Amino acid sequence: MATVLRVPWQGLVRLLLVVCVMPWAEGWKVLVVPMEGSHWLSMRDVVRELHSRGHQAVVLAPEVSLHIRGDDFFTLNSFSFPYTQEEYDNFFKECTLILQAQNILEIWFKTLRSMQKFFELYLTSCVQMLHNSTLISQLKASSFDVVLTDPVFPCGAVLALYLNIPAVFFLRGLAGGLDFEGTQCPQPLSYVPQWLTTYSDHMTFLQRVNNMVYPLGFNLLCHFGFSSYASMASELLQREVSVVDVLSHASVWLMRWDFVLEYPRPIMPNMVFIGGINCMSRKPSSQAVRGQPVFTYELEHLVVA
Ligand SMILES: *[C@@H]1O[C@H](CO)[C@@H](O)[C@H](O)[C@H]1NC(C)=O
């Protein structure tokens, strides 16, 4: 009797194991839509790791770029960019000249102007990419399982929504508290100090008031700045879509920060903290850095990433 019972049980357990493991044994097709500059450097490590685990990554990037070059662990799919490499490099060189400005007014003016140019640049190339029907048909036909994207400029986020593919965001944070809106994460302003305020989680009454008022203007500015992405998504999807709708399409938010450097705040279950990824490419610290406190050293790394 005992042997009769044991045989089907063993078979069942084996079948269950196979069923459970099967989805992970198969490689996924990942569409990667990165952001330029240092943002790409830590994402590249993730793509390399995905490749080593048997997943297939296609990186979709403009043909003109600072760091994004083809490699043997992903397929690079380039789309046209409205500027030449030389024009683009010169633009970055101009940005560094901001630091030589004479006064704060000049710094503000020049920073705003170059930010506006960045917005226009990436928006134009994003519009061209999303309106390229050949490219979009190719992407649709490739039937990707997931889109991995940096939403600092939400072009990849719009694309994921348009192709109706689950998205994973990879980011340090979004300007104007858009990350809180996208994740619907509560943000108690009485103890979560806002970006650039230099407040701590223990604020005086006036600081608390300022902590509430200060983000409002910034939030409006960001909604306004990203509204072009929302109109693009609305046009493609033929329905009214807001910036927050585009952002809340993400299933998982991989946050490139760590509570070692942050004040306590609520989080949502789909926010995963991967701050250590900024230090994946380690180098021995130089003599100058070795004298500094660890905090400053870590902070520099976070800012760079
Ligand atoms: C559209 O995409 C295809 C495929 O990636 C590419 O060959 C073509 O040059 C693109 N067209 C424009 C106008 O960017």
Side-chain angles (χ1 to χ4, degrees), residues 27-37 39-41 43-48 50-51 54-92 94 114-171 225-239 241 243 246 249-250:
W28 275 27
K29 284 183 88 175
V30 186
L31 177 62
V32 184
V33 190
M35 174 56 198
E36 230 337 350
H39 287 243
W40 164 242
L41 301 179
M43 199 181 229
R44 190 176 55 188
D45 291 329
V46 176
V47 176
R48 189 182 287 119
L50 284 172
H51 172 78
H55 304 293
Q56 192 188 333
V58 173
V59 174
L60 186 63
E63 60 191 4
V64 170
S65 161
L66 280 185
H67 297 303
I68 307 169
R69 307 269 179 270
D71 220 316
D72 54 4
F73 54 91
F74 61 82
T75 311
L76 182 63
N77 198 345
S78 309
F79 56 88
S80 59
F81 194 66
Y83 295 87
T84 64
Q85 184 77 48
E86 198 186 347
E87 284 170 331
Y88 191 54
D89 290 346
N90 281 340
F91 173 59
F92 274 95
E94 270 172 40
S114 56
M115 272 180 69
Q116 192 190 2
K117 191 145 182 210
F118 264 124
F119 261 87
E120 281 171 14
L121 211 80
Y122 295 131
L123 184 68
T124 314
S125 82
C126 183
V127 169
Q128 282 183 3
M129 186 267 280
L130 288 169
H131 282 111
N132 183 336
S133 49
T134 322
L135 179 67
I136 296 294
S137 319
Q138 272 177 11
L139 295 176
K140 275 185 181 158
S142 305
S143 49
F144 289 99
D145 296 296
V146 66
V147 172
L148 173 69
T149 185
D150 187 323
V152 66
F153 285 99
C155 189
V158 172
L159 181 66
L161 190 64
Y162 181 38
L163 298 177
N164 197 19
I165 303 173
V168 174
F169 283 178
F170 182 84
L171 69 163
F226 286 136
S227 60
S228 325
Y229 288 92
S231 11
M232 205 154 51
S234 308
E235 185 199 323
L236 293 168
L237 293 163
Q238 307 265 307
R239 63 179 159 92
V241 176
V243 180
V246 170
H249 174 66

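Everything numeric in this text was worked out from a predicted model, so none of it was measured. The chain is numbered in sequence order, starting from 1. Indexing begins at 1, ligand by ligand and atom by atom, following the structure's order. FYI, side chains are in, hydrogens and waters are out, and symmetry mates aren't considered; it's all heavy atoms of this structure.
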Protein heavy-atom contact under 4.0 Å for atom 5 (O) of ligand 1?
yes
The single option from L76, V32, L139 that satisfies side-chain contact (heavy atoms from CB on, under 4.5 Å) with L60 is L139
Tell me whether the rings of F226 and F119 are parallel (<30°), tilted (30 to 60°) or perpendicular (>60°).
tilted
Just to confirm, does any protein heavy atom lie below 4.0 Å from atom 14 (O) of ligand 1?
yes
Subset of ligand 1 atoms that lie under 4.0 Å from at least one heavy atom of S80:
14 (O)
May I ask you to decide if the ring planes of Y229 and F153 are parallel, tilted or perpendicular, using 30° and 60° as cut-offs?
tilted
Give the single entry among L135, T134, N132 that approaches atom 10 (C) of ligand 1 most closely by any heavy atom.
N132
Residue pair R48 / F73: nearest heavy atoms and the distance that separates them:
CA-CD1, 3.4 Å
